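Below is one structure; the comments refer to it alone.
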Amino acid sequence: MYKWLCFLFVVILLTACNNSAKKEKVEEEMQMYKPSEMALLMRRMYEFNKRTKTQIINKDSLSSFPEEFINIHKAIMTDPDERDAEFDSLAVEFIKYQKATFSTRSDSTAFYFNQSVNSCVACHETRCAGPIPKIKKLMIN
């Protein structure tokens with residue numbers, strides 16, 4: 001009888017140890033969300049354009065066009081399949097209007113700025129629609 005109790009105790013002890021090892025393995029598999037290169041670039045674009053909107057409204061002199069925006073053509077996306085001809089076309093349009101915002105006469109900056117915002121919205125309507133309400137707040141009325 002004593003041997004059976006010792007055997008049962010050892011089995012329970014091993015089973016308990018085995019369960020805690022599984023929990024540790026599950027916790028190790030959890031990873032923090034890491035935004036893609038494109039997501040980080042778009043967040044910087046948003047923040048920069050938010051400041052640009054304020055500069056245009058206040059009729060302040062504008063900062064220069066950030067050359068890093070050109071990386072929209074090669075930044076790694078969360079889902080690489082979303083980079084297609086339509087995305088590339090709208091990215092070209094966005095860059096064209098952004099550059100025009102910083103190189104045109106002051107009475108046309110709001111027009112070109114809004115055109116670049118419209119390019120963002122048009123692209124996001126075809127994929128990743130979540131940020132559209134936030135992007136539309138950039139429009140200058």
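Numbering starts at 1 and runs along the sequence shown. We use all heavy atoms of the structure for the numbers below, so side chains are in, but hydrogens, waters and symmetry mates are not. Note that the structure is a prediction, hence the values are computed from the model and not measured.
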- request: Under the side chain to side chain contact (heavy atoms under 4.5 Å, CB included) rule, what do Glu68 and Phe48 come out as? Steps first, then yes or no, please.
  value: CA-CA 11 Å; Glu68 80 164 319; Phe48 179 82; over 6 Å; no
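- Taking the six-membered ring for Trp and the full ring otherwise, Phe65 and Tyr112 have centroids separated by 6.0 Å or more.
- Distance alone, capped at 3.5 Å, places no donor-acceptor pair between the Ser89 side chain and the Ala85 backbone.
- Side-chain contact between Arg83 and Asp88: present, with at least one pair of heavy atoms (C-beta onward) separated by less than 4.5 Å.
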Stepwise side chain to side chain contact (heavy atoms under 4.5 Å, CB included) test for Arg105 and Asp107: CA-CA 6 Å; Arg105 296 185 331 243; Asp107 59 342; 3.2 Å; yes
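- Under a cutoff of 6.0 Å and an axis angle of 45°, Lys53 and Phe113 do not form a cation-pi pair.
- Scanning both residues, Thr78 and Ser36, for their nearest heavy atoms gives OG1-OG, 3.1 Å.
- In this structure, the side chains of Glu37 and Lys74 stay at 4.5 Å or more apart for every pair of heavy atoms.
- Between Ser119 and Glu93 the shortest heavy-atom distance is OG-OE2, 3.1 Å.
- Residues Ser63 and Gln55 have side chains in contact (heavy-atom distance under 4.5 Å, counting atoms from C-beta outward).
- For Ile140, the CD1 atom sits in a packed shell: over 12 heavy atoms of surrounding residues, nucleotides or ligands are nearer than 6.0 Å.
- Inter-residue side-chain proximity for Phe94 and Cys123 is flagged as unmet; no heavy-atom pair is nearer than 4.5 Å.
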task: Start with the C-alpha distance between Lys50 and Thr54, add both sets of side-chain angles, then the distance that settles side chain to side chain contact (heavy atoms under 4.5 Å, CB included), and finish with yes or no.
output: CA-CA 7 Å; Lys50 201 165 122 183; Thr54 302; 5.6 Å; no
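- Residues Thr101 and Leu62 share a closest heavy-atom pair of O-CD1, 3.6 Å.
- Using a 4.5 Å cut-off on side-chain heavy atoms (C-beta onward), Ile72 and Met45 make contact.
- Under 3.5 Å, the side chains of Gln98 and Asn49 contain a donor-acceptor pair of N or O atoms.
- The pair Arg127-Asp84 counts as a salt bridge, with a side-chain nitrogen and a carboxylate oxygen less than 4.0 angstrom apart.
- Between the side chain of Ser108 and the backbone N or O of Thr104 there is no donor-acceptor pair closer than 3.5 Å.
- Two residues are said to be in side-chain contact when any heavy atoms from C-beta on lie closer than 4.5 Å; Ser64 and Phe102 fail this criterion.
- Using a 4.5 Å heavy-atom threshold, the side chains of Met38 and Met42 count as touching.
- Contact of the His124 side chain with the Val121 side chain is not registered, since no non-hydrogen atoms from C-beta on lie closer than 4.5 Å.
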